[in-house]
Amino acid sequence: MTVAPSTSFDAATASTAYRSALEVIGAVEPRVAAAISQELTDQRESLKLIASENYASPAVLLTMGNWFSDKYAEGTVGHRFYAGCQNVDTVEALAAEHARELFGAPYAYVQPHSGIDANLVAFWAVLAQRVEAPALAAAGVRHVNDLTDADWATLRRALGDQRMLGMSLDAGGHLTHGFRPNISGKMFEQSSYGTDPATGLLDYDAVRARAREFKPLILMAGYSAYPRRVNFATMREIADEVGATLVVDMAHFAGLVAGKVLTGDFDPVPHAHVVTSTSHKSLRGPRGGFVLAQPEFADAVDRGCPMVLGGPLPHVMAAKAVAFAEARRPEFAGYAQQVADNAQSLAEGLTGRGARLVTGGTDNHLVLVDVTGFGLTGRQAESALLDAGIVTNRNAIPADPNGAWYTSGIRLGTPALTSRGFGAAEFDRTAELIVDVLSGATPTATRDGGVSQAKYVLADGLAERTRAATAELLAAHPLYPGLDLA
Ligand code: PLP
């Protein structure tokens, strides 16, 4: 298979860099240095199927540990509220340029600290552009400070009186798409679209019908746990029909967009008014977020800090520049395709051994297993797999009978293990191990004669056998091969 960039680095040089860094850190607080070393050991020994996690390259990681961290840089490139930002300007401009080139976007904003922050920037930008700007124009002023108190009160009410339509949580949507535990659910009146109960697939006619009825300001697309492609051309048509702004959150699948696995109607960038993302999931960059936008939203997005963001993190923006540069290399497209191919192998390996998948399969980087066929809740499945050395997370499935806490599913993703060099055969073996563990887990009885939703027993020796098998797989595909901290 194609060598993934995170595994192609000079191991001797990286080892020297990390050993020296740990020596410097250990001289101040040895327990922190020890925890950093232990984290590498733990990650090396873990069969990580968390769909939102990955392994960034040593170049990306090292870029974050330096004096850029000390700089305040509120404002934008060339327009800072602090002096001495010339080098921050260099790295922020580079990160934005790489992001524009990588995704073919007219405009990129790389300051958001995370995916949640990127969404908040986008939501305020849409409110600013679609609600605030017309109100200022109608009042004949340029700035909110110049509004009369009465006009300001009217504008505040209008800003709070807007609607968002997003994918429901149990269909795979994200909390930040207008749900009450997130501020977006308090900013907007929210309504959801789900998936077809028979197929588990997005039903665009149902989305259209709901959008016509609800007339949202923002039509939100994107997901955390939907294992299929979304047709963003159709979503844009729906948005246009009802006068909504299409915001796509590609946090999960940005790597597949960057690597040209998702193209045409399935690439959100040419279709959405605004695209938000994380940089650390399938894109394999530093923890962080970014926003891509059509030109009419650029000025409003640029005001993200201090509107809703704390001061930019220049060391992380520098690492985004490095990660985006890596993602522009041809090897990254090979990696992204392998992520998708591996998800196919995992899905086929699971269904071939009797597991039921939501939607029956996948065409992105993740698989959602309905574990009720094994007589388990998602919580039991997650814990049983962890006992056996396989790291996953439980997840609700559409119309989940066990609710959002226990759930009925587990979500599995391929980006991290693909970064370690896993291919189709390793993912088929992983599927075999997962089905073995789920088949060998039995819920315990409760005192009142019912069945526990949390407790279970594993067949004798199953955890140990599976741990030995996962250790073998991991040893054949070491994480950061040759990186030696000793
Ligand atoms: N958007 C989606 C679709 C996500 O899946 C997530 C994270 O799980 C986020 C946003 C939030 O990202 P972050 O944890 O970086 O704030």
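Residues take their numbers from the sequence shown, with the count starting at 1. Every number for a ligand or one of its atoms is a count from 1 in the order of the listing.
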* Min N/O separation G115 to ligand 1 under 3.5 Å -> yes
* Nearest non-hydrogen partners of I390 and L49, listed with the distance -> CG2-CD1, 3.6 Å
* **Residue R328 excluded, over 12 heavy atoms near CZ under 6.0 Å** => yes
* Asked: Among all protein non-hydrogen atoms, which one is nearest to atom 2 (C) of ligand 1, and what is the separation to 0.1 Å?
  -> D249 OD2, 3.4 Å
* Any atoms of ligand 1 less than 4.0 Å from a non-hydrogen atom of T278? List them with their elements. => 12 (O), 15 (O)
* Structure fact -> Nearest non-hydrogen protein atom to atom 5 (O) of ligand 1, with distance, is S224 OG, 2.7 Å
* In ligand 1, which numbered atoms sit nearer than 4.0 Å to a non-hydrogen atom of S114? -> 13 (P), 15 (O), 16 (O)
* Asked: Is it true that atom CZ of R287 has more than 12 heavy atoms of other residues, nucleotides or ligands lying nearer than 6.0 Å?
  -> no
* Asked: N/O to N/O below 3.5 Å, does that happen between I116 and ligand 1?
  -> yes
* Is the ring centre of F297 less than 6.0 Å from the ring centre of Y107? -> no
* Structure fact -> If we number the atoms of ligand 1 from 1 as shown, the ones under 4.0 Å from a heavy atom of H280 are 15 (O)
* In terms of the angle between their ring planes, are F103 and F324 parallel, tilted or perpendicular, with boundaries placed at 30° and 60°? -> perpendicular
* Atoms in ligand 1 flagged as close to Y223, the criterion being non-hydrogen separation under 4.0 Å -> 3 (C)
* Considering only the protein, which heavy-atom contact is closest to atom 7 (C) of ligand 1, and what is its distance? -> K281 NZ, 2.5 Å
